[in-house]
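Worksheet: one structure, shown below.
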Amino acid sequence: MVKYSTWQYCIHATRTQFKSYKTLAFVIICMILVILQYYMQSDTGEIQFGNWELSLSILLNDYYQLFLFSLYFLFYIHTTCVTEQSSQMIVLRFQSKRDWISSRIIITILIGLVYTIIYFLCQTVFPVFFAGWYIGWADPDHESYQQYIEPLQVWGIVFFKYLLAIWFIGILYLLVADKVTKSRSLFAFLILFIILWLNKSLAISLLNQQLAFLSLNVSYINLLNESDHAFIFLLKNNTYLALSLIGMVSLLYVTSSTKQFSE
């Protein structure tokens, strides 16, 4: 039987996922979102908006981020990363069980990165065809944060939160599914849905102050004020989420290392 190196398997699995119908469907969904958002903003009389306003109106939409972007991601990682009985065959192709566990984490990180890049490219390029191209804001008074920061800086802050959030969701999905013996995918999905619902229901200020380690909501950009530096704001509002992500990765690695595939 041919042995895989960890990176060989991770790259192969990631490529396989993005060559599937899921990616084409995802791009089409992204295009539909841009079209719908463009006409909704036009109907409300917001005539003066450019590509950045249109793009960020989608990227900063709680429902799109939490319940479309985040949940659709589970279609990518479910078949590749959740340990089922077939994993007993896959693990035989690795040099060690530790390599197999590492591969599940790496695949989730790679798929999350590529998935987020695709989404942001779609929501950055498609708006140009509808709202035109502007280097800066077309309407600097459209949102409060636009007075303090340039479009690319907002794009970077939002991208970083999306990436951390999708990694958090992916690793938590693996962690929960790894600990449940029956209906593991359904149970993991329900846990994630509750966390996403809390991110939508709770006020952003409360979430960032009391539950910062669960703060996935990208609307935190509205907390930005004139005295904040973009980089400091980014670190201040994402440190606890990043630490919780590191903690879950460590927990998944340690607990999975002592678990038998036959369990």
Close side-chain approach of [X] and [Y], heavy atoms under 4.5 Å:
| X | Y | result |
| --- | --- | --- |
| Leu60 | Tyr64 | no |
| Phe120 | Leu59 | yes |
| Phe213 | Leu243 | no |
| Leu68 | Leu33 | yes |
| Ser102 | Tyr253 | yes |
| Val176 | Phe189 | no |
| Tyr173 | Ile191 | no |
| Leu198 | Leu211 | no |

Restricting to non-hydrogen atoms, name the atom on [X] and the atom on [Y] that form the minimum distance, rounded to 0.1 Å.
| X | Y | value |
| --- | --- | --- |
| Gly170 | Phe73 | CA-CE2, 3.8 Å |
| Ala230 | Ile149 | CB-CD1, 4.0 Å |
| Cys30 | Cys122 | CB-CB, 3.6 Å |
| Leu163 | Gly112 | CD1-O, 3.9 Å |
| Leu241 | Ala165 | CD2-N, 4.4 Å |

Using modelled atom types only, decide if a donor and an acceptor are shared between the side chain of [X] and the backbone of [Y] within a distance under 3.5 Å.
| X | Y | result |
| --- | --- | --- |
| Glu53 | Gly50 | yes |
| Gln210 | Ser205 | no |
| Tyr76 | Thr23 | yes |
| Tyr134 | Val128 | no |
| Ser55 | Gln123 | yes |
| Asn51 | Ala131 | no |
| Asn208 | Asn237 | no |

Using ring centroids (six-membered ring only for Trp), state whether Tyr220 and Phe233 fall under 6.0 Å.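 Yes, they do, as the ring centres are separated by less than 6.0 Å.
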Quick check, are the ring centers of Phe26 and Phe75 under 6.0 angstrom apart?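 No - the distance between ring centres of Phe26 and Phe75 does not fall below the 6.0 Å cut-off.
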Once you round to the nearest 0.5 Å, how far does [atom1] of [X] lie from [atom2] of [Y]?
| X | Y | atom1 | atom2 | value |
| --- | --- | --- | --- | --- |
| Phe168 | Ile246 | CZ | CD1 | 13.0 Å |
| Ile58 | Gln37 | CD1 | CD | 5.0 Å |
| Ile171 | Ile169 | CD1 | CD1 | 11.5 Å |
| Leu252 | Ile105 | CG | CD1 | 4.5 Å |
| Ile166 | Tyr119 | CD1 | OH | 10.0 Å |
| Ile221 | Leu56 | CD1 | CG | 8.5 Å |

Mind checking whether [X] and [Y] sit in one hydrophobic cluster, side chains of I, L, V, M, F, W, Y counted as touching below 4.5 Å?
| X | Y | answer |
| --- | --- | --- |
| Leu223 | Leu235 | no |
| Leu110 | Leu172 | no |
| Ile106 | Ile109 | no |
| Phe126 | Leu121 | yes |
| Met40 | Tyr63 | yes |

Does the side chain of Gln65 come under 3.5 Å of the side chain of Ser70 through a donor N or O and an acceptor N or O?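 Ser70 and Gln65 do not have a side-chain donor-acceptor pair below 3.5 Å.
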Could you note down all residue pairs passing side-chain hydrogen bond (donor to acceptor under 3.5 Å, both in side chains) where residues 157-170 supplies at least one of them, sequence neighbours left out?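 Listed by first then second residue: Lys161-Asn238.
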For the [atom1] atom on [X], are there more than 12 heavy atoms of other groups (residues, nucleotides or ligands in this structure) within a distance under 6.0 Å?
| X | atom1 | result |
| --- | --- | --- |
| Phe67 | CZ | yes |
| Leu206 | CG | yes |
| Tyr240 | OH | no |

Going by side chain to side chain contact (heavy atoms under 4.5 Å, CB included), name the residues that satisfy it together with Ile35, two or more places apart in sequence or in a different chain.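 With neighbours one apart ignored, the set is Met31, Tyr39, Phe130.
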Does any pair with a residue in residues 194-216 pass salt bridge (Lys or Arg N to Asp or Glu O under 4.0 Å), and if so which ones, sequence neighbours excluded?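 Listed by first then second residue: Asp62-Lys200.
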Pairs meeting criterion salt bridge (Lys or Arg N to Asp or Glu O under 4.0 Å) with involvement of residues 116-132, two or more places apart: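 The answer is none; no pair qualifies.
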Could you pull out all donor-acceptor pairs under 3.5 Å where a side-chain atom in residues 152-159 meets a protein atom, sequence neighbours excluded?
unit_1	atom_1	unit_2	atom_2	d
Gln153	OE1	Glu150	N	3.0
Trp155	NE1	Thr124	OG1	2.8

Please verify the inter-ring angle class for Trp52 with Trp133; under 30° counts as parallel, over 60° as perpendicular, anything in between as tilted.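 It falls in the tilted class, 30° to 60°.
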Residues forming a side-chain hydrogen bond (donor to acceptor under 3.5 Å, both in side chains) with Ser201, sequence neighbours excluded: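 Expected list: Trp197.
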